[in-house]
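In what follows, a structure is listed as structure tokens, so that the remarks can point back to it.
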Amino acid sequence: MRSFKNSITKILLLVAFSVTSLAGIAATGDINQVDAKGQRQGYWVIKGDMLTDKNFKPQDKVEEGSYKDNRKEGLWKKYWPGGKLRNEINYKAGKPEGEYKLYYENGQLEELGIWSNGKNTGNFARYYNNGNPQQQFVFAANGKRNGKQKYYHENGKLAMEVDIVNGAESGVSKRYNTDGTLAEEKTFENGVVKPGSIKKHKNVKKETPVKTDPYDKKIGKESVVTEDKTNKAQVFKPNGNNTLYDKNGNVTQSGDFKDGRLQNGKWYRYNKDGLLIKIEIYKAGKYIGTGVLSDEEK
């Protein structure tokens, strides 16, 4: 009798396991689908065992979102190796379009903006990893900065404010010390400092002038921090946080610099027509991957 009961118990357990397995297959049957043409369709969850990135464990979730004809569509979420959210980016026909959010590995919001036709448009904000504001910009529809622009010290105090008109400084620019006291004022006309307009206040340290970026072995060519209009209002710090722009008002480098070289941040790459084709992310001076634009959109 005991043997018969044990047999019945084993059969019931086997049936239960089979039902659970089939339910699991049914529940996941609608994800990671490929159509007859081999194109990704519908909702996908990318895990570590689908990549060559050794930072992720096989079952770690790397990113998730929907595909339409092998192109990302709608909201996609990407994660850090530890499982925390890395970014939230909206896509249209495989390209970032609309609001996006980037996060530090500690969970703090790093960047918030709107992406349209390969450019930042509208309100833009960047934060330090302690949660304090770092930059507050406004971008016109053409991707150039336009309106009141603000920079902040890491302690949250305002570092500089200036008005930008079509990518060039205009009017009075004010720079502040870390304690909030006014350090310097200067007046711009179409991106050029008006002669005799610079007013330096007491107890202001001498600023280090803009220098040429040293040779970057990863890129294989020299990168010059140019003296264009959009960089003049902000003093370049060889050791510290900077955002640099080209002559058209496009961001070229942004992040923490050491000895004049980008250490932690982003390097924006453009083609000969001025269109953004790649955003490279650097950590501890090394290239670790792409930013808003994925490998599929190069």
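Nothing here was measured: the structure is a model prediction, and the numbers come from that model.
Between the side chain of Asn90 and the main chain of Gly98, no donor-acceptor pair closer than 3.5 Å is present. Although no hydrogens or angles enter the test, the distance criterion places no donor-acceptor pair under 3.5 Å between the side chain of Gln134 and the main chain of Asn132. Proximity of a side-chain donor or acceptor of Trp76 to a complementary backbone N or O of Ser66 within less than 3.5 Å is detected.
Considering only residues two or more places apart in sequence or on other chains, Asp163 meets the salt bridge (Lys or Arg N to Asp or Glu O under 4.0 Å) condition with Lys148.
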Item checked: Stepwise side-chain contact (heavy atoms from CB on, under 4.5 Å) test for Asp49 and Gln59 -> CA-CA 7 Å; Asp49 58 3; Gln59 292 305 310; 3.7 Å; yes
Check: Please walk me through it: do Glu161 and Tyr176 pass side-chain contact (heavy atoms from CB on, under 4.5 Å)?
Finding: CA-CA 9 Å; Glu161 58 182 344; Tyr176 300 87; 3.0 Å; yes
Item checked: Worked check of side-chain hydrogen bond (donor to acceptor under 3.5 Å, both in side chains) between Glu189 and Ser170 -> CA-CA 5 Å; Glu189 290 183 354; Ser170 179; over 6 Å; no
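Residues Arg86 and Ile281 approach most closely at NH2-CD1, 4.5 Å, considering heavy atoms. For Leu102 against Leu109, the heavy-atom pair with the smallest separation is O-CD1, 3.4 Å. Nearest heavy atom pair, residue Lys47 against residue Pro58, reads CB-O, 3.7 Å.
Note: Glu99 CD to Glu88 CD = 8.5 Å, rounded to the nearest 0.5 Å. Between the OG atom in Ser173 and the CD1 atom in Ile164 there is a gap of 8.5 Å [rounded to 0.5 Å]. Here the CD1-CD distance, from Ile198 to Glu185, works out to 11.5 Å after rounding to the nearest 0.5 Å. In this structure, CD on Gln135 lies 11.0 Å from OH on Tyr152, to the nearest 0.5 angstrom. Note: Phe139 CZ to Asn120 CG = 5.0 Å, rounded to the nearest 0.5 Å. Atom OH of residue Tyr67 and atom CG of residue Asp35 lie 13.0 Å apart, to the nearest 0.5 angstrom.
Using modelled atom types and a 3.5 Å distance limit, the side chains of Tyr79 and Glu64 yield a donor-acceptor pair. In summary, the side chains of Tyr100 and Glu111 do present a donor paired with an acceptor at a separation below 3.5 Å, with no hydrogens or angles considered.
Side-chain contact between Tyr128 and Glu154 is present, with at least one heavy-atom pair separated by less than 4.5 Å.
With respect to the salt-bridge test (charged N to carboxylate O, under 4.0 angstrom), the residues Glu184 and Lys200 qualify. Salt bridge absent: Arg71 and Glu73 never bring a charged side-chain N and a carboxylate O closer than 4.0 Å. A salt bridge links Glu63 with Lys72: the closest approach of a Lys/Arg side-chain nitrogen to an acidic carboxylate oxygen falls below 4.0 angstrom. With respect to Glu105 and Lys283, a salt bridge is recorded, a charged nitrogen being found less than 4.0 Å from a carboxylate O.
The six-membered or imidazole ring of Phe137 lies near that of Tyr151, with a centre-to-centre distance under 6.0 Å. Residues Phe56 and Trp80 keep their aromatic ring centres 6.0 Å or farther apart.
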